[in-house]
Amino acid sequence: MRAMQSTPTDKQELLTVAEKLAGEGARLAAATCLDAGDRFEVIYHFQKDHETLNVRVMISKDEELPSISGIMLPAALIENEMSEFFGLKIVGKAIDFQGRMLLAEESPQTPLLKS
């Protein structure tokens, strides 16, 4: 396995970066959302040719992030999870569970969001 590469990007470039990686044969392996106080750090982890490529996006908690699920459908599950657990506003999800993919109606809302 080769060293991991990390690419910071902004939300306006996220779809372009995802399209480029998909076109090069990369696959989405996972995604991570980190609550950094007043911001979210969202990291999409791609794998290509035995190499991990991380794409990092920093957004404020009131901003919307475009979904990459129209490019890579498996992102829909990960993005729904991040929305439910952190309250991350992701728009344009190919499949939107409206906050009920993993959390029941009586569950605590956004349980991983720092208070």
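All of these numbers come straight from a predicted model, not from anything done at the bench.
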Mind checking salt bridge (Lys or Arg N to Asp or Glu O under 4.0 Å) for E24 and listing every partner two or more places apart, or none if nothing turns up?
-> K20, K48

Sequence neighbours left out, what pairs pass salt bridge (Lys or Arg N to Asp or Glu O under 4.0 Å) with at least one residue falling in residues 98-115?
-> none

Check whether any side-chain N or O of N54 sits under 3.5 Å from a backbone N or O of F46 as a donor-acceptor pair, and report yes or no.
-> no

Between A18 and I68, what is the shortest heavy-atom contact and its length?
-> CB-CG2, 3.9 Å

Pairwise salt bridge (Lys or Arg N to Asp or Glu O under 4.0 Å) hits with a residue in residues 33-44, at least two apart = D35-K61, E41-R56

Establish whether L34 and I78 are linked, either directly or via other cluster members, by ILVMFWY side-chain heavy-atom contacts under 4.5 Å.
-> no

Heavy-atom pair of closest approach, residues T9 and V55 | CG2-CG1, 3.4 Å

Pairs satisfying side-chain hydrogen bond (donor to acceptor under 3.5 Å, both in side chains), at least one member in residues 85-94, at least two apart = S83-K93

Partners meeting side-chain hydrogen bond (donor to acceptor under 3.5 Å, both in side chains) with D96 (sequence neighbours left out) = Q98

Ignoring hydrogens and angles, state whether a donor on the side chain of H45 or T52 is under 3.5 Å from an acceptor on the partner side chain.
-> no

Can you tell me which residue pairs pass the side-chain hydrogen bond (donor to acceptor under 3.5 Å, both in side chains) test with a partner in residues 63-74, sequence neighbours excluded?
-> K11-E63, S60-E63, S67-S69, S67-E79

Is there a donor-acceptor pair closer than 3.5 Å between any side-chain N or O of E84 and the backbone N or O of M101?
-> yes

Any donor-acceptor pair under 3.5 Å from D10 side chain to Q12 backbone | yes

What closest approach, in Å, do F86 and C33 show between heavy atoms, and which atom pair accounts for it?
-> CZ-O, 3.2 Å

